[in-house]
Protein chains: 2
Amino acid sequence: MPRGRTDRNEGVTIRDVAARAGVSVATVSRVLAGNYPTAPATRSKVMRAVRDLDYVVNVHARALAGISAKMIAVVVDAVTAPFYAYVAQGAEEQAAEDGRLCLICTTGGDPARELAIVKLMREQRADAVILVGSVVPSEDYTARMTQYAHALSAAGTRLVLCGRPALGPDVPALTAEYDNAGGAYAVTSHLLSAGHRRILFLGSSPGGTTADARVDGYRRALADHRVPVDPGLEVPGGFGRPAGYRMMRERLAAGAPDFTAVFAGDDLVAAGALQALREAGLRVPEDVSMVGYNDDPFAADIGLTTVHIPAEELGRAAVRLAVRGADDAPVRAMLGTHIVVRDSVRPLTRPL
Amino acid sequence: MPRGRTDRNEGVTIRDVAARAGVSVATVSRVLAGNYPTAPATRSKVMRAVRDLDYVVNVHARALAGISAKMIAVVVDAVTAPFYAYVAQGAEEQAAEDGRLCLICTTGGDPARELAIVKLMREQRADAVILVGSVVPSEDYTARMTQYAHALSAAGTRLVLCGRPALGPDVPALTAEYDNAGGAYAVTSHLLSAGHRRILFLGSSPGGTTADARVDGYRRALADHRVPVDPGLEVPGGFGRPAGYRMMRERLAAGAPDFTAVFAGDDLVAAGALQALREAGLRVPEDVSMVGYNDDPFAADIGLTTVHIPAEELGRAAVRLAVRGADDAPVRAMLGTHIVVRDSVRPLTRPL
DNA sequence: ACGACTATAGTAACCGTTTACTATGAGCTT
DNA sequence: AAGCTCATAGTAAACGGTTACTATAGTCGT
């Protein structure tokens with residue numbers, strides 16, 4: 001088999017380059033770094049040797065010598081959730097633009113795996129770790145994050161909380177958020193303006209920051225429209241397609257619909273609920289109006305009116321926060337959300 | 001601001017641990033590695049010091065001393081494409097199970113970025129890099145891959161081609177594939193069995209391995225059913241939602257439909273085409289049948305009959321291939337595909 | 001013509017681990 | 001009691017870079 005001249009170069013070190021160029025290792029290092037005057041002739045001899053040998057630096061050696069490895073870790077529950085995928089994508093792009101490697105790690109929602117990843121990143125001396133996604137902020141959680149924050153900060157690693165609430169001002173952590181409650185307020189108002197009064201909120205999950213903020217916006221909109229808040233219309237059950245399907249199915253099994261519109265906690269809940277409604281012979285939007293949250297790509301396909309979250313921009317913002325870190329740099333970014341109107345809401349003609 | 005005891009530990013080294021435990025660094029290293037006999041009393045002194053100081057090893061130092069950093073890179077066009085997301089997810093999980101870090105990198109389809117990532121991985125001395133996704137295998141492409149393969153192999157890094165064709169037997173690269181043509185054959189047969197004869201293939205892109213394999217399966221199924229292949233029914237235009245929309249729109253603009261069924265190159269194409277059909281007042285499956293490819297999650301929501309690709313398993317297989325690498329280990333994995341029947345195909349009642 | 005200065009290159013210490021080699025004392029054997 | 005072996009721990013040499021410090025040869029001013 002034909003093998004290129006560059007094949008057996010395991011262990012091509014800076015020493016080999018120096019030898020071939022007939023200079024010292026220091027000179028090679030300097031030519032490559034370009035931060036020290038070198039004679040043009042020397043420079044070209046070195047570059048020649050680098051090409052001939054197909055040399056690449058060893059980041060580990062370089063990191064040991066004190067040059068950051070320029071690595072950022074993004075930690076999400078799962079990349080398969082579109083929201084997380086877009087956040088990760090944005091982070092990746094921003095990191096690449098800033099000349100950094102971007103590690104995307106998944107935990108499957110398991111705190112133990114999260115802990116393991118944080119430890120791994122400490123070992124790697126990463127520049128930053130970005131923890132993405134909703135949480136239920138128990139005391140235990142806050143303690144855990146605070147501990148992470150200190151341990152990471154001690155290793156010179158920045159901690160960014162993305163889409164989850166900020167920690168106290170004493171804790172060395174940055175925060176990138178989006179306006180969850182605002183979007184919920186807007187989309188609820190949209191339903192109210194169409195005349196709906198009995199709006200089912202599907203997927204509240206008391207304690208979860210994301211769901212709580214959305215319920216909050218929902219309630220505030222109702223209040224501002226002088227519609228009484230009915231706790232019986234807030235169905236707990238979390239997010240995701242199966243949850244949406246189950247919640248709607250159970251609701252319909254319990255009796256005739258006592259609502260004219262549905263606010264699904266996220267688009268996946270909407271998709272699940274939609275299927276349950278369809279199976280029960282109810283059409284959207286003819287019989288029931290529905291809105292979602294997130295503006296997942298498929299929302300366009302099913303014509304779902306929903307709230308757009310700037311997920312990609314959120315990822316970028318998180319990375320920027322982490323990278324552009326002068327000591328006086330902002331410690332927090334808050335992104336806006338907006339409603340996108342499609343075809344899943346109809347004005348209420350026949351009140352319940 | 002109050003700082004915890006564990007806070008200023010930047011540079012807590014093995015030396016600090018040794019000092020605090022009153023032993024030598026070698027002993028600490030041995031206790032931590034657990035590969036050398038140590039007295040129980042010593043062991044516990046060391047562990048105590050490790051906890052007190054909240055010490056974590058420095059992977060760079062360790063890597064330099066010859067212990068692999070246990071890192072795998074998965075390179076995809078974009079994580080936001082569900083197929084890639086699932087491959088990445090599978091790879092991530094398998095890597096985690098094997099105790100390895102998994103880097104997910106995106107190129108946006110840009111060969112320059114791909115090259116940059118390969119270089120980065122050489123610098124990192126990664127265990128493996130997994131290149132995922134279809135390609136158009138020009139001579140240039142083959143040369144590039146061959147070069148990657150040799151350079152990586154020289155640095156002790158395995159190259160895995162995932163969902164793209166294998167290189168020559170002389171090239172040090174592994175391959176994880178799935179049966180593209182087989183799935184296309186099956187789903188085309190499904191349409192043919194329902195009586196369809198004029199089946200539009202949407203999104204052929206001559207030269208692209210994925211699309212070519214699907215077209216190939218499509219043609220073979222037609223041939224086996226003695227239906228003549230009509231090149232006019234194969235619409236080039238690539239994959240993705242916008243492409244699907246555009247192709248169908250243009251096709252419909254050119255005149256009344258001359259097909260009764262559509263084989264969309266992938267599910268996104270199907271989604272786009274679906275929208276174009278809907279806008280033209282045509283219903284699926286009442287007026288035209290449609291099948292897709294990939295079994296993206298949203299396919300369930302729009303009731304699309306499609307071909308399931310074991311994406312997650314593909315990612316896992318790629319990692320296994322890379323990790324379980326004895327020299328006599330298999331060099332190639334081929335995964336099966338299967339059709340999943342939903343509600344987008346109807347028997348042809350009124351032939352064109 | 002001589003010292004000061006500049007441009008460039010070399011020398012060697014250091015970064016934090018791992019591990020081959022060496023040292024030490026305790027418990028046996030004969 | 002000398003000589004072994006064994007268990008355990010220490011010493012120091014890598015690993016592959018970076019960079020402070022040092023050395024050398026021109027250049028220039030006077």
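Just so it is clear, the structure is predicted and the values come from calculations on it, not from any experiment. Both backbone and side-chain heavy atoms feed into the values below; hydrogens, waters and symmetry mates do not.
- Contact annotation for B/Val23: backbone-only contact, meaning every heavy-atom pair under 4.0 Å involves sugar-phosphate atoms and none involves a base.
- B/Tyr36 contributes a side-chain N or O that forms a donor-acceptor pair with the base of D/dA9 under 3.5 Å.
- Taking atom CD1 of B/Ile14 as the reference point, atom P of D/dG10 lies 12 Å away to the nearest angstrom.
- Judged by closest nucleotide on DNA chain C, A/Pro37 is the one of B/Asn58 and A/Pro37 placed further toward the 5' end.
- Between the A/His150 side chain and the A/Val171 main chain, no donor and acceptor come within less than 3.5 Å of each other.
- Counting only distance, with no hydrogens or angles, the side chain of A/Thr157 and the backbone of A/Ala126 share a donor-acceptor pair below 3.5 Å.
- For the pair B/Gly66 and B/Pro40, both in contact range of DNA chain D, the more 5′-proximal nearest nucleotide belongs to B/Pro40.
- When atom types are taken as modelled, the side chain of B/Arg332 and the backbone of B/Ala166 share no donor-acceptor pair closer than 3.5 angstrom.
- Contact between the side-chain N/O atoms of B/Ser29 and the OP1/OP2 oxygens of C/dT18 is found at a separation under 4.0 Å.
- For the pair B/Leu32 CG and D/dA9 C1', the computed distance is 16 Å after rounding to whole Å.
- The residue from A/Arg320, A/Arg324, A/Arg316, A/Lys70 that alone fulfils the salt bridge (Lys or Arg N to Asp or Glu O under 4.0 Å) condition with A/Asp98 is A/Arg324.
- Here the side chain of A/Ala26 is nearest to one of C/dT11, D/dG10, D/dT18, namely C/dT11.
- Backbone-only engagement by B/Ala39 is indicated by non-hydrogen atom pairs under 4.0 Å involving sugar-phosphate atoms exclusively.
- Judged by distance alone, with hydrogens and angles left aside, B/Arg125 brings no side-chain donor or acceptor close enough to the base of D/dG16 to form a pair under 3.5 Å.
- Backbone-only contact: B/Thr27 has heavy atoms under 4.0 Å from sugar-phosphate atoms and none from a base.
- For B/Thr13 and C/dC15, the shortest distance from a side-chain N or O to OP1 or OP2 is not below 4.0 Å.
- Applying the 4.0 Å criterion to OP1 and OP2 of D/dT8, one finds that B/Thr38 has every side-chain N and O outside that range.
- For B/Asn35 and D/dA9, the CG to P distance is 14 Å, given to the nearest whole Å.
- Salt bridge annotation for B/Arg62-A/Glu123: absent, with no cationic side-chain nitrogen under 4.0 angstrom from a carboxylate oxygen.
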